[in-house]
Structure formats: structure tokens, C-alpha cells
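Single-structure report; data block below.
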Number of protein chains: 2
Amino acid sequence: MTLAEKAYDALRHDIVRGALPAGRPLRLADLSQRYGMGFSPLREALNRLQAERLVTAESLRGFKVAPLSLAEFEDAVRVRILVETEALRGAIASGGDDWAANLVAALYALRLQVERQQGRAEDIWELEARHHAFHRALLLACGSPWLMEVFERLYTATERYRIPALLAAPTGAGRNIQAEHAALAEAALARDAVTAVALLEAHYRRTAEAIRTRISDAAA
Amino acid sequence: MTLAEKAYDALRHDIVRGALPAGRPLRLADLSQRYGMGFSPLREALNRLQAERLVTAESLRGFKVAPLSLAEFEDAVRVRILVETEALRGAIASGGDDWAANLVAALYALRLQVERQQGRAEDIWELEARHHAFHRALLLACGSPWLMEVFERLYTATERYRIPALLAAPTGAGRNIQAEHAALAEAALARDAVTAVALLEAHYRRTAEAIRTRISDAAA
DNA sequence: GCAATCACGATTTTCGAAAATTTTGGAATT
DNA sequence: AATTCCAAAATTTTCGAAAATCGTGATTGC
């Protein structure tokens with residue numbers, strides 16, 4: 001792996017995790033110290049992250065971690081619902097045995113991690129990776145690279161908002177998120193598109209609501 | 001404007017235009033010659049374009065112009081219809097006088113250029129810019145930055161396919177594209193969402209069909 | 001006292017060369 | 001004749017310094 005790729009992964013991780021908070025200026029000299037490399041690979045990584053809207057750039061004035069706003073989060077959730085319900089219909093319509101088997105596997109691996117976790121805030125990253133993998137496995141058979149591309153982009157955009165909530169309450173504070181995932185997978189595997197789409201939409205609306213109140217609380 | 005930004009614009013232009021054909025390896029030494037600058041600004045531009053899927057990159061093996069395929073084009077059109085119909089409904093629902101005025105202006109400027117053009121292949125870029133601006137103006141009031149972001153990404157993705165057709169037949173080969181634009185704007189301004197969405201979808205399906213047969217012909 | 005100006009330090013941007021890696025072409029071996 | 005191996009060439013990647021630009025604070029002029 002090249003240094004530029006390491007820089008990309010490290011920066012991306014630190015931004016999504018919040019180690020580099022929103023709005024923070026990303027000075028080359030600092031980053032060079034922090035990640036132990038020269039300017040070139042860092043600038044490459046920053047340019048890629050800029051195109052993904054994880055960092056902002058102003059000509060001759062350097063880079064910053066992109067700001068967070070409740071409005072942007074709500075917007076991202078709205079578009080996620082639009083795009084992912086369409087992808088889900090496609091996956092249910094055209095998914096084969098591989099899709100079904102991978103979905104069962106992803107759900108199972110997610111469950112194992114949730115049970116291992118038992119509310120502890122450790123290994124949040126393993127949990128997060130399993131969660132991402134589950135949602136990806138659910139949609140993957142839709143057969144549309146662009147739908148998947150938009151899914152990935154919006155997933156990381158919303159990930160930035162969900163991580164702080166996860167760190168505070170890894171099990172989901174009263175809500176049985178795992179049961180929602182199981183029901184969603186069940187409906188998809190039963191090829192019940194209408195139910196599956198409704199469950200997916202409800203899943204996101206509940207998650208959005210939880211994060212919304214969390215952000216309001218934090219502001220108070 | 002920094003050299004990196006110039007490099008980004010120039011590369012983007014040359015890729016969309018087809019001056020740098022799909023699959024062509026983008027060697028730093030060549031690009032340095034072609035655009036008259038060092039490696040650094042070029043690498044930055046290439047990294048941004050990679051994130052936009054206009055170029056592909058393989059570790060230690062350099063960059064290439066991203067390939068074209070009929071399947072990818074059809075996929076992009078499908079997602080454009082999904083996303084833009086949603087944005088159009090939003091714009092019609094919440095667009096104010098500024099939106100309406102800008103839309104009228106964009107349609108008018110597009111018409112002026114079409115008439116000036118009169119089938120000649122010159123100034124295709126002015127025409128293309130007006131066309132892009134019209135579709136942007138149509139959706140802009142939807143109030144969703146993410147919907148607009150996806151629109152922009154997919155517009156340039158499909159632009160690569162449409163430009164060769166435009167160069168061959170600037171007026172649209174029998175089809176009165178300008179009438180479609182006018183009808184679309186009229187329905188939107190009349191706040192008739194159902195009609196406007198139907199016209200937008202039909203507009204894209206016809207364009208896709210024209211390009212599809214064109215590509216098939218070229219292959220024969 | 002206050003605004004405009006200038007010089008300095010901090011920072012970004014770019015270059016040119018060095019380092020690392022892949023690719024190429026040919027010689028040696030089977 | 002085909003394959004493997006190695007050195008040379010081509011190419012990408014990275015660094016360190018130079019150039020360009022921005023922001024700041026002191027200084028000057030009014």
C-alpha cells in the first residue's frame with residue numbers, strides 16, 4: 001500500500017470517528033507530524049476526500065474537516081431512503097442464491113458482534129464494519145453500480161453522525177436495532193418487497209430520530 | 001486559479017470531450033508536456049477525478065481514463081430518472097419566484113444558443129453549458145444539497161456519452177429537443193408535478209434511446 | 001486617534017530530483 | 001521453441017526545498 005493510500009485511510013478514519021472534529025483546519029505541517037509522511041501523499045489524500053465532501057478546500061487557504069449540520073444529516077437520510085428503497089426492490093427482484101446466502105451471513109456476523117459487544121463501547125469499529133457490510137449485502141444484488149456508489153457515499157456521510165451516538169450507547173438505548181435488521185432480512189429473503197421497503201424506511205426514520213434528539217440534547 | 005485547478009478543469013474537459021479516449025493511460029510525463037506543468041498539480045487533479053470515477057487508478061501502475069460501457073450508461077440514466085424526478089417534485093413544491101425566473105432565463109438562453117447553432121457543430125461547448133444550466137435550474141429549488149450533488153455527478157457521467165452524439169448531430173436528428181425542454185419548463189412553472197415528472201422521464205428515455213442506437217451503429 | 005501600508009512569519013503550492021516499483025527486452029536454460 | 005531470470009528502461013511515488021501567497025502586527029501618514 002502506498003503512503004497516499006495510508007494517508008487516505010487514516011484521515012478518513014479520523015474524520016468519521018471524530019478524532020479530527022468538524023471545522024478543524026488540516027495543516028500540512030501538523031498532518032505530516034501526525035502521520036509521519038511528507039506533504040505529497042497527504043495532499044493526494046486530501047484531494048480525494050474533498051471530492052467525497054469529507055473535507056472542504058479553499059484555494060491557497062488549505063483544507064478543513066467538512067462541517068456537520070443537522071440539516072445535512074436529514075437531507076442525507078432522505079436521499080438514502082430514496083436510493084436504498086429502489087436498490088432494495090431491485091435486489092429482491094433479481095437477487096440469486098449468492099445474494100441470499102451472503103445476506104444471511106452478514107446478518108449472522110452482525111448478531112455475533114452485537115452479542116459479544118453487550119453494550120460495551122469497545123470494538124465499536126468492528127461493530128460498525130459489520131453494520132455497513134449488512135446494509136451493503138442487502139442491496140448488492142440490485143445490479144446497479146451507480147445506486148451502490150451513491151449508497152456508499154451517503155453511508156459514510158451519515159456515519160459521521162451515527163458514530164458519536166454509537167460510542168455513547170452501543171446497544172441503541174432501548175431500541176432493539178438487531179431485531180429490525182433481522183425482520184428486514186427476513187422480508188427480503190421472503191421476496192416481500194413491500195414489507196422490506198417499509199421496514200427499511202422505518203429503520204432509517206427511527207435511527208434519524210434517535211440521532212436528531214441526541215444532537216438537540218448535546219446542543220442544550 | 002492554482003495550477004492544480006487548471007489541471008483538473010483541463011483533464012475533465014478533455015476526458016468528457018473525448019480528446020482523451022476511454023482506457024487511455026494517463027502518463028505523468030505526457031500530461032506534464034501536454035499541459036505544461038509539473039507532476040504535483042497533475043497528480044492532485046487525477047486524484048480528484050478518480051474520486052469522481054472519470055479516471056481509474058491502480059496502485060503503482062498509474063492512471064487511465066475510465067472505460068465507457070453501454071451498461072454503465074443505461075444504469076446512470078436509470079438513477080438520474082430516480083433522483084431527478086424526486087428533485088423536480090421538490091422544486092415544484094417549494095420553488096419560489098427566483099427559481100421560476102431563473103428557469104425562464106435558462107430556457108431562453110438555451111433557445112438562443114440552439115437557434116444560433118442551427119445544426120452547426122461549432123460552439124458545441126456553449127450549447128452544452130446552457131443545456132447543463134437549464135437542467136440544473138429546473139431542479140435547484142428542491143432544497144436538497146445531496147440530491148443536487150448526485151445530479152451533478154450523474155450529469156457528467158452521462159455527458160461523456162452524449163457529447164459524441166452532439167458533435168455528430170447538434171440539433172438532435174429529427175427530434176425537437178428544444179420543444180421538450182419548453183414543455184418541461186412550462187409544466188414545472190404551472191406547478192403541474194405529475195406532467196413535469198412524466199415529461200422529464202420521457203425526455204431522458206428518448207435521449208437514452210438515441211444514444212443507445214448510436215452506440216450500436218458505431219459498433220456495427 | 002485611525003486607516004492604510006508594509007514587512008515578516010506562517011502556510012500553501014509547485015518544482016526537480018531521488019527513491020521505489022513495474023515493465024521491457026534479451027540472454028541463458030530447459 | 002518455450003520459459004525463466006536478470007538488467008536496463010520507463011514510470012510512479014515520495015521527499016525536501018524553492019516559490020508564491022496569505023494573514024498578522026507593527027509602522028507610517030493623515
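Convention: sequence-line order gives letters A, B, ...; per-chain numbering from 1. Note: hydrogens, waters and symmetry copies are ignored here, and every other heavy atom, side chains too, is used.
- Helix-axis bend for the helix from C/dG1-D/dC30 to C/dT30-D/dA1: the local axis fitted to the five terminal pairs at one end deviates from that at the other end by 10°, rounded to 10°.
- Residue pairs that meet the ring-ring contact (aromatic ring centres under 6.0 Å, His included) test with at least one member in residues 102-128 of chain B, sequence neighbours left out, are B/His13-B/Trp125.
- The side chain to side chain donor-acceptor pair (under 3.5 Å) check on B/Arg206 picks up B/Glu180, with sequence neighbours excluded.
- Sorted by first then second residue, the side-chain hydrogen bond (donor to acceptor under 3.5 Å, both in side chains) pairs that include residues 66-77 of chain A, not counting sequence neighbours, are A/Glu72-A/Tyr161, A/Glu72-B/Trp146, A/Glu74-A/Arg212, A/Asp75-B/Ser144.
- A/Phe134 pairs by the ring-ring contact (aromatic ring centres under 6.0 Å, His included) definition with A/His181, not counting sequence neighbours.
- Between B/Glu5 and A/Ser59, the side chains place a donor N or O and an acceptor N or O closer than 3.5 Å (distance only, hydrogens not considered).
- Taking the ring centre of A/Phe73 as origin, the terminal cationic atom of A/Arg160 falls outside the region bounded by 6.0 Å and 45° from the ring axis.
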Nucleotide by nucleotide, nucleotides 7-14 of chain D touches protein heavy atoms under 4.0 Å in the pattern (B base, S sugar-phosphate only, - none) ----SBBB

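- Cation-pi geometry between A/Arg80 and A/Tyr204 is met: under 6.0 angstrom from the ring centre, within 45 degrees of the axis.
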